[in-house]
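Worth knowing before you read on, the calculation uses all heavy atoms, side chains too, and leaves out hydrogens, waters and symmetry mates. Model, not experiment: these values are computed from the prediction. Starting from 1, each residue takes its place in the sequence as its number.
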Amino acid sequence: MGLVKVTIFQKNLPDGLNLTTFKKLSTVKSDFLLLPEYFFADSSVKEPRDLKEKTKFALDWLIKLNHSYKGVIIGGSVVLEEDGKLYNATPVIADGQIVDWYRKRYLTDNETKLVTPGSDPGIFMLGGHRFGVLICNDVRERKYFDELSQQDVKLVFSVLNSPFRDETIDEKYERDEALFSIPARENGQSIAKCCSTGDIMGHRLQGRSLVATPTGISWRVPPNEEDKQILKTVILQT
């Protein structure tokens with residue numbers, strides 16, 4: 001077993017990809033930098049088509065960032081076009097280039113109008129670490145965590161836009177338990193969840209980033225800070 005240092009960037013989407021954000025992330029020193037789903041979706045994004053138009057800029061920004069930040073970047077997600085199809089996909093970036101992709105498999109009803117579901121599990125080996133990636137709604141499919149575990153993946157990164165819900169703290173924590181704590185405990189996995197804050201295309205978000213380990217939730221954003229932009233580095237055992 002080894003230790004891995006993971007930086008979670010709970011990003012405020014309306015801030016966009018500005019110089020202040022770039023400088024802040026450039027100075028981070030960790031093995032992995034984790035960004036949320038559609039991390040680049042600022043206030044100019046009004047509809048899903050706008051996400052596709054901004055993808056090239058977002059990827060260029062991540063690659064440039066990776067020249068300063070020396071770890072592996074789990075680049076939230078973008079709209080990837082391949083063979084005439086669109087995917088909600090996570091770029092895995094290392095050494096200043098896109099090494100591979102994970103394509104979201106469990107789409108929401110709204111997404112099916114725009115993107116195609118992926119078919120392959122996101123399993124990667126970089127920097128001496130074997131890890132998996134899931135995007136947002138994927139975490140509702142317990143079988144995806146089990147599938148990763150069966151292929152000896154003990155480190156899982158999940159990137160999300162979590163819609164705001166009017167609910168109690170107990171209800172929030174019960175959902176954390178069901179979606180993250182139980183698979184982490186039963187599969188012996190460490191799961192890092194990265195959310196965004198602000199809003200996307202008029203929909204309010206809540207930043208519920210957390211880390212689940214086989215022994216429980218080791219860190220999560222307090223309920224009174226779910227609207228805050230947060231940069232947090234944690235050390236996990238894999």
Side-chain angles (χ1 to χ4, degrees), residues 1-11 17-19 21-41 51 54-82 87-105 118-136 138-139 144-145 147-149 151-161 189-196 209 211 230-238:
M1 301 181 74
L3 298 178
V4 58
K5 186 180 290 187
V6 178
T7 299
I8 297 170
F9 185 34
Q10 177 167 294
K11 185 180 183 299
L17 300 179
N18 54 47
L19 184 59
T21 297
F22 188 91
K23 288 181 176 179
K24 179 186 297 185
L25 298 181
S26 294
T27 62
V28 170
K29 298 186 184 303
S30 58
D31 299 300
F32 291 93
L33 173 62
L34 184 59
L35 281 73
E37 183 181 28
Y38 295 137
F39 69 98
F40 58 96
L51 294 169
K54 284 183 170 287
T55 285
K56 184 180 184 305
F57 173 77
L59 292 176
D60 289 345
W61 191 88
L62 288 175
I63 290 170
K64 182 179 179 181
L65 175 64
N66 199 216
H67 290 298
S68 300
Y69 171 77
K70 299 304 182 182
V72 177
I73 298 177
I74 310 300
S77 76
V78 299
V79 176
L80 171 67
E81 184 172 5
E82 287 183 323
Y87 298 90
N88 182 353
T90 297
V92 178
I93 298 172
D95 299 321
Q97 61 183 333
I98 300 171
V99 176
D100 212 336
W101 293 88
Y102 169 68
R103 299 157 188 82
K104 184 176 181 180
R105 288 177 283 173
S119 57
D120 299 322
I123 300 175
F124 311 93
M125 180 73 182
L126 284 170
H129 300 284
R130 186 172 174 84
F131 60 93
V133 176
L134 297 174
I135 301 176
C136 205
D138 285 338
V139 303
Y144 292 161
F145 288 107
E147 177 183 46
L148 293 174
S149 178
Q151 299 191 54
D152 199 32
V153 174
K154 300 303 182 185
L155 178 61
V156 183
F157 299 118
S158 58
V159 302
L160 292 89
N161 281 325
Q189 293 169 321
S190 292
I191 304 168
K193 170 191 177 187
C194 181
C195 294
S196 49
S209 303
V211 173
I230 294 171
L231 189 65
K232 174 70 174 181
T233 298
V234 298
I235 296 177
L236 302 176
Q237 195 168 57
T238 61

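The main-chain N or O of V6 is never found under 3.5 Å from a side-chain atom of D31 such that the two would form a donor-acceptor pair. A donor-acceptor pair is defined here as one N or O able to donate and one able to accept, closer than 3.5 Å; such a pair exists between the side chain of S26 and the backbone of F22. Remark: side-chain polar atoms of S209 are paired, donor with acceptor, to backbone N or O of C195 under 3.5 angstrom. A donor-acceptor contact shorter than 3.5 Å links the side chain of T90 to the backbone of G76.
R130 is listed as a side-chain neighbour of Q151, based on a closest heavy-atom distance under 4.5 Å. Annotation: side chain of V72 is not in contact with side chain of V99 (no heavy-atom distance under 4.5 Å). The shortest side-chain heavy-atom distance between L35 and V159 does not fall under the 4.5 Å cut-off. Side-chain atoms of D138 and S158, non-hydrogen and from C-beta on, never get closer than 4.5 Å to each other.
Relative orientation of the F157 and F32 rings is tilted, given thresholds of 30° and 60° on the angle between their planes.
Applying the side-chain hydrogen bond (donor to acceptor under 3.5 Å, both in side chains) test to pairs two or more places apart or on separate chains, those with a residue in residues 61-70 are S30-Y69.
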Pair up each side-chain donor or acceptor in residues 120-128 with any protein partner under 3.5 Å, not counting sequence neighbours, and list the distances.
none

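One distance of note links CG of L148 with CG of L155; it measures 10.0 Å at 0.5 Å rounding. If you take NE2 on H129 and CG on L3, they are separated by 9.0 Å, rounding to the nearest 0.5 Å. Taking CG from L34 and NZ from K11, the interatomic distance works out to 14.0 Å, rounded to the nearest 0.5 Å. Remark: K23 NZ to L65 CG distance equals 13.5 Å, nearest 0.5 Å. Taken from CG in L231 to CD in Q10, the straight-line distance is 10.5 Å, to the nearest 0.5 Å. Y102 contributes atom OH, which lies 5.0 Å from atom CG of L134 (distance to the nearest 0.5 angstrom).
Taking both residues in full, the closest heavy atoms of G96 and I63 are given as O-CG2, 3.2 Å, listed atom of the first, atom of the second, then distance. Shown here for C136 and K104, the closest heavy-atom pair between the two residues is CB-NZ, 3.7 Å. For the pair K193 and I8, the tightest heavy-atom approach, listed with the atom from each and the gap, is O-CG2, 4.0 Å. Across every non-hydrogen atom of A58 and L17, the tightest pair is CA-CD1, 4.3 Å. Looking at every heavy atom in both residues, L62 comes nearest to G75 through CD1-CA, 3.9 Å. Taking every heavy atom of both residues into account, N18 and T21 meet most closely at OD1-N, 2.7 Å.
Under the side chain to side chain donor-acceptor pair (under 3.5 Å) rule, N88 has a single partner from E37, R105, R103, which is E37.
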- Item | side-chain contact (heavy atoms from CB on, under 4.5 Å) assessment of F40 paired with L51 | CA-CA 8 Å; F40 58 96; L51 294 169; 4.0 Å; yes

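Residues passing the ring-ring contact (aromatic ring centres under 6.0 Å, His included) test with F145, sequence neighbours excluded: none.
For F39 and F9, the ring centers sit 6.0 Å or farther from each other.
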